[in-house]
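Here is the structure we will look at, set down as C-alpha coordinates.
Reminder, nothing fancy here: chain letters follow the sequence lines and each chain counts from 1.
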Amino acid sequence: MARKLILVIIISAIIIGGGIWQEVYMEKTFSEFERKIDALEKAHAEEPLKPEQVKELHDWWQKKHASFENFLPHLQLNEIEMTFGELMGTVVAEDTESATGQILRLKFTVSAIAEMFNIRFGNIV
Amino acid sequence: MLVVIIRTFIIFLFLLLGLRLMGKRQIGELQPFEFVITLAVAELACTPMQDISTPILYGIIPVLVIFCVHFLLTALSSKSIFFRKFMNGKPVIVINENGIDSESLRKLNMNVNDLMESIRNAEYFSVEQVSYAIIETNGKISILPNTEAEEPKSIPLSLIVEGKFIGANMGISNTSREDIESYLRTKNLRLKDIVLLTTESDKVFVQPKGAKYFTEVLGAQKESAEAIGAEA
(Lines give C-alpha, C1' and ligand atoms only; values in the text may rest on other atoms or scores of the structure.)
Protein backbone atom coordinates (compact mmCIF):
# COMPACT_ATOMS: atom_id res chain seq x y z
CA MET A 1 0.00 0.00 0.00
CA ALA A 2 2.77 2.44 0.99
CA ARG A 3 4.74 1.63 -2.17
CA LYS A 4 1.65 2.11 -4.30
CA LEU A 5 0.90 5.39 -2.55
CA ILE A 6 4.42 6.64 -3.30
CA LEU A 7 4.02 5.55 -6.93
CA VAL A 8 0.66 7.34 -7.18
CA ILE A 9 2.17 10.49 -5.67
CA ILE A 10 5.11 10.37 -8.11
CA ILE A 11 2.82 9.76 -11.11
CA SER A 12 0.46 12.56 -9.99
CA ALA A 13 3.40 14.94 -9.51
CA ILE A 14 4.77 14.09 -12.98
CA ILE A 15 1.35 14.53 -14.60
CA ILE A 16 0.52 17.80 -12.85
CA GLY A 17 4.07 19.13 -13.25
CA GLY A 18 4.08 18.12 -16.91
CA GLY A 19 0.72 19.81 -17.42
CA ILE A 20 1.94 23.06 -15.89
CA TRP A 21 5.20 22.95 -17.87
CA GLN A 22 3.25 22.33 -21.09
CA GLU A 23 0.95 25.26 -20.37
CA VAL A 24 3.87 27.64 -19.74
CA TYR A 25 5.87 26.33 -22.71
CA MET A 26 2.89 26.65 -25.07
CA GLU A 27 2.07 30.17 -23.87
CA LYS A 28 5.71 31.27 -24.22
CA THR A 29 6.27 29.67 -27.63
CA PHE A 30 3.03 30.77 -29.24
CA SER A 31 3.47 34.34 -27.92
CA GLU A 32 6.93 34.41 -29.42
CA PHE A 33 5.56 32.92 -32.65
CA GLU A 34 2.89 35.64 -32.84
CA ARG A 35 5.53 38.33 -32.21
CA LYS A 36 7.69 36.91 -35.00
CA ILE A 37 4.71 36.86 -37.38
CA ASP A 38 3.92 40.48 -36.44
CA ALA A 39 7.52 41.40 -37.28
CA LEU A 40 7.19 39.56 -40.60
CA GLU A 41 3.94 41.41 -41.32
CA LYS A 42 5.63 44.76 -40.57
CA ALA A 43 8.61 43.89 -42.76
CA HIS A 44 6.23 42.87 -45.57
CA ALA A 45 4.39 46.20 -45.28
CA GLU A 46 7.66 48.05 -45.81
CA GLU A 47 8.94 45.94 -48.69
CA PRO A 48 7.85 42.58 -50.18
CA LEU A 49 9.14 39.57 -48.24
CA LYS A 50 12.05 37.50 -49.45
CA PRO A 51 11.89 33.67 -49.29
CA GLU A 52 14.80 33.67 -46.80
CA GLN A 53 12.74 35.66 -44.29
CA VAL A 54 9.92 33.11 -44.45
CA LYS A 55 12.41 30.24 -44.31
CA GLU A 56 14.04 31.72 -41.21
CA LEU A 57 10.70 31.77 -39.36
CA HIS A 58 9.82 28.31 -40.67
CA ASP A 59 13.13 26.88 -39.45
CA TRP A 60 12.49 28.36 -36.02
CA TRP A 61 8.99 26.81 -36.00
CA GLN A 62 10.29 23.44 -37.20
CA LYS A 63 12.35 23.08 -34.00
CA LYS A 64 9.30 23.88 -31.87
CA HIS A 65 7.04 21.66 -33.99
CA ALA A 66 9.07 18.58 -33.05
CA SER A 67 8.44 19.16 -29.34
CA PHE A 68 4.79 20.14 -29.80
CA GLU A 69 4.13 16.83 -31.56
CA ASN A 70 4.48 15.15 -28.17
CA PHE A 71 1.42 16.81 -26.71
CA LEU A 72 -0.66 18.49 -29.42
CA PRO A 73 -2.70 16.72 -32.13
CA HIS A 74 -0.67 16.53 -35.32
CA LEU A 75 -3.52 17.65 -37.59
CA GLN A 76 -3.64 21.11 -36.02
CA LEU A 77 0.15 21.43 -36.18
CA ASN A 78 0.12 20.45 -39.85
CA GLU A 79 -2.29 23.33 -40.47
CA ILE A 80 0.59 25.69 -39.61
CA GLU A 81 2.92 23.76 -41.95
CA MET A 82 0.44 24.05 -44.82
CA THR A 83 0.03 27.79 -44.25
CA PHE A 84 3.81 28.17 -44.29
CA GLY A 85 3.88 26.30 -47.60
CA GLU A 86 1.25 28.59 -49.10
CA LEU A 87 3.04 31.70 -47.78
CA MET A 88 6.34 30.53 -49.24
CA GLY A 89 4.61 29.90 -52.57
CA THR A 90 3.20 33.43 -52.76
CA VAL A 91 6.54 34.98 -51.73
CA VAL A 92 8.47 32.98 -54.34
CA ALA A 93 5.86 33.98 -56.95
CA GLU A 94 6.20 37.59 -55.79
CA ASP A 95 2.45 37.80 -55.28
CA THR A 96 2.54 40.52 -52.63
CA GLU A 97 -1.22 40.75 -52.01
CA SER A 98 -1.61 36.99 -51.55
CA ALA A 99 1.44 36.98 -49.28
CA THR A 100 -0.29 39.54 -47.04
CA GLY A 101 -3.32 37.24 -46.89
CA GLN A 102 -1.15 34.22 -46.06
CA ILE A 103 0.67 36.09 -43.28
CA LEU A 104 -2.70 36.95 -41.76
CA ARG A 105 -3.82 33.33 -42.14
CA LEU A 106 -0.67 32.14 -40.37
CA LYS A 107 -1.23 34.67 -37.60
CA PHE A 108 -4.85 33.62 -37.01
CA THR A 109 -4.04 29.89 -37.27
CA VAL A 110 -1.33 30.19 -34.61
CA SER A 111 -3.60 32.26 -32.37
CA ALA A 112 -6.49 29.76 -32.79
CA ILE A 113 -4.30 26.74 -32.02
CA ALA A 114 -2.86 28.42 -28.93
CA GLU A 115 -6.37 29.18 -27.74
CA MET A 116 -7.65 25.68 -28.57
CA PHE A 117 -5.24 23.97 -26.19
CA ASN A 118 -4.54 26.40 -23.36
CA ILE A 119 -6.23 26.08 -19.99
CA ARG A 120 -9.42 28.09 -19.95
CA PHE A 121 -13.03 27.48 -18.98
CA GLY A 122 -14.22 27.13 -22.58
CA ASN A 123 -11.75 24.30 -23.20
CA ILE A 124 -12.62 22.51 -19.97
CA VAL A 125 -16.35 22.44 -20.61
CA MET B 1 2.46 0.03 -39.24
CA LEU B 2 5.58 -0.12 -37.05
CA VAL B 3 4.44 3.10 -35.39
CA VAL B 4 1.13 1.48 -34.38
CA ILE B 5 2.96 -1.57 -33.00
CA ILE B 6 5.30 0.57 -30.90
CA ARG B 7 2.47 2.81 -29.66
CA THR B 8 0.34 -0.23 -28.75
CA PHE B 9 3.26 -1.73 -26.82
CA ILE B 10 3.84 1.50 -24.89
CA ILE B 11 0.15 1.90 -24.02
CA PHE B 12 -0.02 -1.77 -23.02
CA LEU B 13 2.82 -1.19 -20.53
CA PHE B 14 1.02 1.78 -19.01
CA LEU B 15 -2.24 -0.18 -18.81
CA LEU B 16 -0.36 -2.93 -17.03
CA LEU B 17 1.04 -0.41 -14.57
CA GLY B 18 -2.45 1.00 -14.01
CA LEU B 19 -4.03 -2.40 -13.51
CA ARG B 20 -1.31 -3.29 -11.00
CA LEU B 21 -2.24 -0.13 -9.11
CA MET B 22 -5.91 -1.09 -9.24
CA GLY B 23 -5.34 -4.55 -7.73
CA LYS B 24 -6.23 -8.02 -8.85
CA ARG B 25 -10.00 -7.94 -8.80
CA GLN B 26 -11.96 -9.90 -11.34
CA ILE B 27 -14.83 -8.45 -13.37
CA GLY B 28 -17.46 -10.03 -11.10
CA GLU B 29 -15.85 -8.52 -8.02
CA LEU B 30 -15.71 -4.96 -9.35
CA GLN B 31 -17.62 -2.26 -7.55
CA PRO B 32 -19.90 -0.17 -9.80
CA PHE B 33 -17.43 2.71 -10.12
CA GLU B 34 -14.57 0.29 -10.82
CA PHE B 35 -16.59 -1.25 -13.62
CA VAL B 36 -17.11 2.20 -15.13
CA ILE B 37 -13.37 2.87 -14.83
CA THR B 38 -12.58 -0.38 -16.64
CA LEU B 39 -14.89 0.54 -19.53
CA ALA B 40 -13.55 4.11 -19.72
CA VAL B 41 -9.92 2.98 -19.68
CA ALA B 42 -10.54 0.50 -22.49
CA GLU B 43 -11.96 3.28 -24.65
CA LEU B 44 -9.22 5.77 -23.71
CA ALA B 45 -6.44 3.33 -24.49
CA CYS B 46 -7.83 2.29 -27.88
CA THR B 47 -7.90 5.63 -29.68
CA PRO B 48 -4.21 6.62 -29.44
CA MET B 49 -3.19 3.04 -30.25
CA GLN B 50 -4.62 3.26 -33.74
CA ASP B 51 -4.74 6.99 -34.46
CA ILE B 52 -1.15 8.10 -34.97
CA SER B 53 -2.16 11.75 -35.39
CA THR B 54 -3.08 11.79 -31.70
CA PRO B 55 -0.14 12.17 -29.32
CA ILE B 56 0.35 9.00 -27.29
CA LEU B 57 0.20 11.13 -24.14
CA TYR B 58 -3.52 11.66 -24.86
CA GLY B 59 -3.97 7.98 -24.05
CA ILE B 60 -1.41 7.60 -21.29
CA ILE B 61 -2.28 10.68 -19.21
CA PRO B 62 -6.06 10.01 -18.86
CA VAL B 63 -5.38 6.33 -18.08
CA LEU B 64 -2.87 7.21 -15.37
CA VAL B 65 -5.08 9.97 -13.96
CA ILE B 66 -8.03 7.56 -13.74
CA PHE B 67 -5.95 4.92 -11.99
CA CYS B 68 -4.50 7.49 -9.56
CA VAL B 69 -7.98 8.83 -8.75
CA HIS B 70 -9.21 5.26 -8.32
CA PHE B 71 -6.34 4.55 -5.92
CA LEU B 72 -7.13 7.66 -3.87
CA LEU B 73 -10.86 6.85 -3.75
CA THR B 74 -10.09 3.28 -2.69
CA ALA B 75 -7.73 4.56 0.02
CA LEU B 76 -10.42 6.98 1.24
CA SER B 77 -13.01 4.16 1.17
CA SER B 78 -10.83 2.00 3.35
CA LYS B 79 -10.48 4.83 5.90
CA SER B 80 -14.08 6.08 6.02
CA ILE B 81 -17.22 3.95 6.29
CA PHE B 82 -19.36 6.90 5.21
CA PHE B 83 -17.26 7.39 2.07
CA ARG B 84 -17.33 3.64 1.36
CA LYS B 85 -21.14 3.66 1.50
CA PHE B 86 -21.21 6.74 -0.72
CA MET B 87 -18.94 5.16 -3.33
CA ASN B 88 -20.06 1.54 -3.27
CA GLY B 89 -23.54 1.61 -1.79
CA LYS B 90 -24.41 -0.95 0.87
CA PRO B 91 -25.64 -4.55 0.81
CA VAL B 92 -29.43 -4.84 0.72
CA ILE B 93 -31.53 -7.67 2.17
CA VAL B 94 -34.00 -8.74 -0.49
CA ILE B 95 -35.31 -11.92 1.13
CA ASN B 96 -35.95 -11.93 4.86
CA GLU B 97 -38.06 -14.00 7.26
CA ASN B 98 -41.21 -12.69 5.53
CA GLY B 99 -40.00 -13.66 2.09
CA ILE B 100 -39.36 -11.25 -0.78
CA ASP B 101 -38.92 -7.62 0.24
CA SER B 102 -40.39 -5.95 -2.82
CA GLU B 103 -39.61 -2.46 -1.51
CA SER B 104 -35.87 -3.30 -1.35
CA LEU B 105 -36.08 -4.77 -4.84
CA ARG B 106 -37.66 -1.56 -6.10
CA LYS B 107 -34.86 0.52 -4.56
CA LEU B 108 -32.31 -1.69 -6.33
CA ASN B 109 -34.16 -1.37 -9.66
CA MET B 110 -34.56 -5.15 -9.62
CA ASN B 111 -37.68 -7.15 -10.31
CA VAL B 112 -38.85 -10.50 -9.00
CA ASN B 113 -37.63 -12.27 -12.14
CA ASP B 114 -34.12 -10.89 -11.59
CA LEU B 115 -34.24 -12.09 -7.99
CA MET B 116 -35.46 -15.57 -8.94
CA GLU B 117 -32.71 -15.80 -11.56
CA SER B 118 -30.11 -14.85 -8.97
CA ILE B 119 -31.28 -17.40 -6.43
CA ARG B 120 -31.49 -20.10 -9.13
CA ASN B 121 -27.88 -19.25 -10.05
CA ALA B 122 -27.05 -19.96 -6.41
CA GLU B 123 -28.80 -23.36 -6.85
CA TYR B 124 -31.99 -22.57 -4.92
CA PHE B 125 -35.21 -22.94 -6.86
CA SER B 126 -37.75 -21.72 -4.34
CA VAL B 127 -37.91 -18.63 -2.11
CA GLU B 128 -38.83 -21.02 0.70
CA GLN B 129 -35.35 -22.52 0.59
CA VAL B 130 -33.84 -19.13 1.41
CA SER B 131 -33.87 -17.65 4.91
CA TYR B 132 -32.04 -14.50 3.91
CA ALA B 133 -30.71 -13.19 0.62
CA ILE B 134 -28.49 -10.15 0.36
CA ILE B 135 -27.56 -8.28 -2.79
CA GLU B 136 -23.94 -7.30 -2.27
CA THR B 137 -22.46 -4.00 -3.46
CA ASN B 138 -20.90 -5.75 -6.48
CA GLY B 139 -24.35 -7.04 -7.54
CA LYS B 140 -23.79 -10.63 -6.46
CA ILE B 141 -26.28 -12.40 -4.22
CA SER B 142 -25.36 -14.02 -0.90
CA ILE B 143 -27.78 -16.56 0.53
CA LEU B 144 -28.37 -17.99 3.98
CA PRO B 145 -30.29 -21.21 3.23
CA ASN B 146 -33.39 -22.31 5.11
CA THR B 147 -32.31 -25.79 6.13
CA GLU B 148 -35.82 -26.71 7.30
CA ALA B 149 -37.41 -26.12 3.90
CA GLU B 150 -38.15 -29.07 1.66
CA GLU B 151 -36.31 -29.23 -1.62
CA PRO B 152 -38.70 -28.86 -4.55
CA LYS B 153 -39.33 -32.05 -6.51
CA SER B 154 -39.55 -30.12 -9.74
CA ILE B 155 -38.91 -26.59 -10.89
CA PRO B 156 -41.56 -24.26 -9.39
CA LEU B 157 -43.58 -22.45 -12.07
CA SER B 158 -44.28 -18.76 -11.62
CA LEU B 159 -47.98 -18.13 -12.30
CA ILE B 160 -48.18 -14.58 -10.98
CA VAL B 161 -45.25 -12.18 -10.91
CA GLU B 162 -45.74 -8.67 -9.53
CA GLY B 163 -49.53 -8.77 -9.96
CA LYS B 164 -49.46 -10.15 -13.50
CA PHE B 165 -50.33 -13.60 -14.78
CA ILE B 166 -47.59 -15.46 -16.61
CA GLY B 167 -49.64 -16.93 -19.42
CA ALA B 168 -46.91 -19.22 -20.74
CA ASN B 169 -46.76 -21.12 -17.45
CA MET B 170 -50.53 -21.51 -17.11
CA GLY B 171 -50.71 -24.19 -19.78
CA ILE B 172 -47.75 -26.11 -18.36
CA SER B 173 -49.30 -26.21 -14.88
CA ASN B 174 -52.83 -27.01 -16.18
CA THR B 175 -54.23 -24.06 -14.26
CA SER B 176 -56.61 -21.39 -15.42
CA ARG B 177 -56.74 -17.75 -14.42
CA GLU B 178 -60.18 -18.34 -12.93
CA ASP B 179 -58.83 -21.11 -10.69
CA ILE B 180 -56.13 -18.83 -9.36
CA GLU B 181 -58.46 -15.86 -8.95
CA SER B 182 -60.95 -17.93 -7.00
CA TYR B 183 -58.10 -19.33 -4.90
CA LEU B 184 -56.91 -15.80 -4.14
CA ARG B 185 -60.47 -14.78 -3.18
CA THR B 186 -60.53 -17.56 -0.58
CA LYS B 187 -57.40 -15.98 0.88
CA ASN B 188 -58.84 -12.43 0.74
CA LEU B 189 -56.08 -11.41 -1.67
CA ARG B 190 -56.28 -9.41 -4.86
CA LEU B 191 -54.18 -10.08 -7.93
CA LYS B 192 -52.30 -6.79 -7.63
CA ASP B 193 -51.27 -7.69 -4.04
CA ILE B 194 -49.33 -10.75 -5.18
CA VAL B 195 -45.59 -10.35 -5.57
CA LEU B 196 -45.07 -13.99 -6.54
CA LEU B 197 -47.21 -17.08 -6.83
CA THR B 198 -45.58 -20.32 -7.85
CA THR B 199 -46.73 -23.91 -8.06
CA GLU B 200 -44.73 -27.07 -7.84
CA SER B 201 -46.62 -30.39 -8.00
CA ASP B 202 -49.66 -29.73 -5.80
CA LYS B 203 -47.92 -27.16 -3.67
CA VAL B 204 -48.50 -23.46 -4.04
CA PHE B 205 -46.21 -20.66 -2.81
CA VAL B 206 -47.75 -17.23 -2.36
CA GLN B 207 -45.83 -14.06 -1.54
CA PRO B 208 -48.25 -11.23 -0.85
CA LYS B 209 -47.01 -7.64 -0.91
CA GLY B 210 -45.97 -6.42 2.56
CA ALA B 211 -46.89 -9.69 4.30
CA LYS B 212 -45.26 -13.00 5.12
CA TYR B 213 -45.31 -15.65 2.43
CA PHE B 214 -47.27 -18.86 2.85
CA THR B 215 -47.28 -22.25 1.20
CA GLU B 216 -50.14 -24.65 0.84
CA VAL B 217 -50.65 -28.16 -0.43
CA LEU B 218 -53.76 -27.76 -2.52
CA GLY B 219 -54.68 -31.43 -2.85
CA ALA B 220 -54.89 -32.06 0.86
CA GLN B 221 -56.13 -28.53 1.58
CA LYS B 222 -53.53 -28.50 4.28
CA GLU B 223 -52.03 -25.22 5.18
CA SER B 224 -48.45 -24.97 6.15
CA ALA B 225 -47.31 -23.34 9.29
CA GLU B 226 -46.46 -20.15 7.41
CA ALA B 227 -50.03 -19.78 6.19
CA ILE B 228 -51.13 -18.82 9.65
CA GLY B 229 -48.90 -15.79 9.56
CA ALA B 230 -50.20 -14.71 6.18
CA GLU B 231 -53.84 -14.91 7.02
CA ALA B 232 -53.42 -13.12 10.29
Side-chain angles (χ1 to χ4, degrees), chain A residues 1-27 29-30 33 61-85 109-110 112-120 122-125, chain B residues 1-4 6-25 33-34 37 40-41 43-80 83-84 87:
Chain A
M1 184 78 174
R3 269 195 353 222
K4 277 188 182 177
L5 182 63
I6 292 167
L7 188 60
V8 165
I9 291 169
I10 292 170
I11 291 173
S12 304
I14 291 172
I15 291 172
I16 294 168
I20 293 168
W21 173 82
Q22 183 210 318
E23 199 60 35
V24 172
Y25 179 69
M26 261 180 58
E27 169 65 28
T29 309
F30 278 108
F33 200 178
W61 165 245
Q62 277 288 297
K63 286 178 200 153
K64 305 291 175 186
H65 187 170
S67 54
F68 275 119
E69 273 182 337
N70 294 319
F71 47 83
L72 291 187
H74 302 185
L75 291 177
Q76 273 77 16
L77 296 174
N78 285 344
E79 191 70 28
I80 296 177
E81 285 301 312
M82 282 189 278
T83 312
F84 259 119
T109 306
V110 168
I113 291 175
E115 207 158 283
M116 193 185 288
F117 297 105
N118 67 8
I119 186 159
R120 64 188 179 92
N123 284 343
I124 293 168
V125 297
Chain B
M1 189 63 87
L2 280 177
V3 174
V4 175
I6 294 166
R7 286 165 74 98
T8 305
F9 183 71
I10 293 170
I11 290 178
F12 176 81
L13 290 180
F14 277 93
L15 277 178
L16 201 65
L17 171 71
L19 287 171
R20 293 280 295 154
L21 278 177
M22 203 169 159
K24 287 183 182 172
R25 292 197 198 205
F33 81 98
E34 290 173 326
I37 285 174
V41 163
E43 182 67 25
L44 283 169
C46 267
T47 312
M49 270 185 198
Q50 57 191 358
D51 182 3
I52 60 168
S53 68
T54 307
I56 199 166
L57 285 178
Y58 279 37
I60 292 171
I61 301 287
V63 165
L64 288 181
V65 169
I66 281 182
F67 284 130
C68 287
V69 171
H70 169 261
F71 180 85
L72 293 175
L73 291 181
T74 311
L76 278 174
S77 294
S78 64
K79 299 277 178 210
S80 156
F83 194 75
R84 198 178 308 164
M87 289 302 296

Please check if the number of heavy atoms outside A/R120 that lie under 6.0 Å from its CZ is greater than 12.
yes
Contact class of B/V69 relative to chain A, heavy atoms under 4.5 angstrom
neither
Over all atoms of both residues, closest heavy-atom pair of B/L57 and A/F71:
CD1-CB, 4.3 Å
Rounded at 0.5 Å granularity, tell me how far CD1 in B/I56 sits from CG in A/N70.
10.5 Å
Enclosure of B/I52 CD1 (heavy-atom neighbours >12, cutoff 6.0 Å)
no
Let me know if B/L17 has heavy atoms under 4.5 Å from chain A in its side chain, its backbone, both or neither.
side chain
Distance check, rounded to the nearest 0.5 Å: A/Q76 atom CD versus B/S53 atom OG?
8.5 Å
Might you confirm whether atom CZ of B/F12 has over 12 heavy atoms from other residues, nucleotides or ligands at distances under 6.0 Å?
no
What pairs with A/H74 under ring pair (Phe, Tyr, Trp, His ring centres under 6.0 Å), at least two apart in sequence or on another chain?
none
So if I take each residue of residues 7-14 of chain A and look for any heavy atom under 4.5 Å from a heavy atom in chain B, which residues do I end up with?
A/L7, A/V8, A/I11, A/S12
With a 6.0 Å cut-off (strictly less than), is the heavy-atom count around CG of A/L5, excluding the residue itself, greater than 12?
yes
